[in-house]
Amino acid sequence: MYAFSTCWNSHRHTDGRAMLQEIRQLGFEYAELSHGTRMSLLPGILEAVDAAEIKISSLHNFCPLPIGVNYSAPNLYQFSAERPRERELAERYTLKTFEFAGRVKASVVVLHAGSIDMKIYTDKLLDLVERGEKETPRYDKLCKELDEKSEARKEPFLERIKEALKKVLPEAEANGLKLGLENRQGLKELPLESDYQFLFRELASPNLVYWHDTGHAQIKENLGFIHHAMHLESLRDRVWGFHLHDVAFPGRDHCAPGTGTVDFAALKPFVKPEHIKVFELAPDVPLDQVKNGIEHVKEIWGRA
């Protein structure tokens with residue numbers, strides 16, 4: 001199944017039906033409703049779904065956005081937060097996303113789990129890589145500092161994520177929903193790559209699955225933290241779906257596939273026909289690049 005995310009066009013529309021019709025005109029039977037889905041778009045979305053003009057493959061938490069929020073905000077509230085009120089809001093709006101998923105007959109909700117409260121290293125390291133300073137003592141020192149601090153601090157944040165997932169998973173199970181944990185590009189965001197296997201083992205629900213974002217994984221490969229294809233292979237038994245986009249070296253993601261550094265051919269052995277494959281492109285990607293990117297992936301991964 002191929003689908004297309006509304007993150008590309010939701011900002012340009014005031015009518016949710018027209019937004020989804022634009023995606024249908026690109027040749028897609030399925031759309032993912034992104035984390036930028038404003039409340040005002042809901043009536044048109046429901047009209048399009050009820051009229052069978054398009055199907056909804058997935059929702060990206062939080063969807064719809066909380067009242068009063070009119071911008072993409074997947075990290076607005078985090079399961080990992082130290083403040084109980086923020087964790088409560090994260091759980092509440094996740095359950096509201098589940099409700100909306102049921103209404104539009106989506107089968108999976110994709111979410112960001114949370115992060116460690118520490119200074120941001122990602123942008124600093126990307127700047128060094130862009131300047132050709134990856135193989136320098138300064139870069140090595142920052143990477144070592146990041147590893148030490150993240151491992152020393154992550155446990156309470158990861159534990160809060162586990163507790164939140166234990167609360168929302170029964171609701172997902174009761175509604176036949178998969179909950180897709182998305183890999184993230186931020187080096188302080190959780191789970192870390194080394195955490196996934198332990199997390200899936202501890203939270204043994206078949207409704208908790210892995211959602212692979214090609215751009216996020218590629219950024220971490222460009223930084224030297226993972227090998228993209230090997231990371232995907234390590235989780236091949238838990239993969240449920242993909243966000244498809246490319247990365248202009250070293251760190252500008254959500255580009256059209258085929259225009260950056262993602263080797264889609266290297267990922268192909270781990271892609272199954274039943275996986276949900278969602279093109280997730282930035283709003284500024286022009287239409288011709290959108291179409292070429294779709295064709296690029298389908299030539300490599302297959303059209304069915």
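Below, all heavy atoms of this structure are taken into account, side chains as well, without hydrogens, waters or symmetry copies.
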### Message
Quick check on L287: does its CG atom have over 12 non-hydrogen neighbours (other residues, nucleotides or ligands) under 6.0 Å away?
### Response
yes
### Message
Check this for me: K298, atom NZ, are more than 12 non-hydrogen atoms of other residues, nucleotides or ligands nearer than 6.0 Å?
### Response
yes
### Query
Taking atom NZ of K162 as the centre, does the number of heavy atoms from other residues, nucleotides or ligands within less than 6.0 Å exceed 12?
yes
#### Entry: side chain to side chain donor-acceptor pair (under 3.5 Å) evaluation trace for S115 with Q78
CA-CA 8 Å; S115 62; Q78 298 192 33; 2.9 Å; yes
### Message
Is it the case that the side chain of D263 and the backbone of A265 share a donor-acceptor pair, with hydrogens and angles ignored and the cut-off at 3.5 Å?
### Response
yes
#### Entry: Heavy-atom check, side chain of L111 versus side chain of L179, under 4.5 Å
yes
### Query
Hey, does the side chain of H245 reach the backbone of D253 with a donor-acceptor pair shorter than 3.5 angstrom?
no
### Message
Centroid separation under 6.0 Å, is that true for the rings of H231 and Y210?
### Response
yes
### Task
Ignoring hydrogens and angles, tell me if any N or O in the side chain of Q197 forms a donor-acceptor pair with the backbone of S234 under 3.5 Å.
yes
### Query
Is L95 atom CG crowded by more than 12 heavy atoms from other residues, nucleotides or ligands, each under 6.0 Å away?
yes
### Message
Tell me the closest heavy-atom pair linking N61 and H35, and the distance in Å.
### Response
O-CB, 3.6 Å
### Task
Spell out, as yes or no, whether a donor-acceptor pair under 3.5 Å connects the side chain of D213 to the backbone of N183.
no
### Task
Count the heavy atoms of every other residue, nucleotide or ligand shown that sit under 6.0 Å from CZ of R252, and state whether that count exceeds 12.
no
### Message
Strictly below 4.0 Å, N to O, side chains only: are E82 and R87 in salt-bridge contact?
### Response
no
### Query
Between K134 (side chain) and N222 (backbone), is there a donor-acceptor pair under 3.5 Å?
yes
### Query
So do K220 and E193 actually touch side chain to side chain, heavy atoms under 4.5 Å?
yes
### Message
With heavy-atom distances below 4.5 Å as the criterion, would you say the side chains of Q21 and E53 are in contact?
### Response
yes
### Task
Measure from NZ or CZ of R201 to the centre of the six-membered ring of F198, then state whether that distance is under 6.0 Å and the direction lies within 45° of the axis.
yes
### Message
Are there over 12 heavy-atom neighbours, none belonging to W240, within less than 6.0 Å of that residue's CH2?
### Response
no
### Task
Taking the side chain as every heavy atom from C-beta outward, state whether I294 and F28 have any pair of such atoms under 4.5 Å apart.
yes
### Message
Looking at P206, is its backbone amide N or carbonyl O close enough to the side chain of K178 to form a donor-acceptor pair, meaning the two atoms are under 3.5 Å apart?
### Response
yes
#### Entry: Under 3.5 Å: donor-acceptor pair, side chain of T136, backbone of E133
yes
### Query
Just by distance, with hydrogens left out, do H60 and E182 show a side-chain donor and acceptor under 3.5 Å apart?
yes
### Query
Nearest 0.5 Å, what's the CG-CD distance between L199 and E202?
7.0 Å
### Task
Scan side-chain atoms only and decide if Y77 and E88 contain a donor-acceptor pair under the 3.5 Å cut-off.
no
### Message
I'd like to know if the side chain of H228 pairs up with that of Q218 as donor and acceptor (distance under 3.5 Å, no hydrogens or angles considered).
### Response
yes
### Query
Side chains of S58 and E32: is there a donor and an acceptor less than 3.5 Å apart?
yes
### Message
What I want to check is whether the side chains of E173 and S205 have a donor and an acceptor closer together than 3.5 Å.
### Response
yes
### Query
Backbone N or O of L187 within a donor-acceptor pair of the T122 side chain at under 3.5 Å?
yes
### Task
Kindly state whether the ring of Y2 and the ring of Y30 have centres lying under 6.0 angstrom apart.
no
### Ring centres under 6.0 angstrom apart (H216, H243)
no
### Query
For residues E22 and H13, is any side-chain donor paired with an opposing acceptor at under 3.5 Å?
yes
### Message
I'd like to know if the side chain of E189 pairs up with that of H112 as donor and acceptor (distance under 3.5 Å, no hydrogens or angles considered).
### Response
no
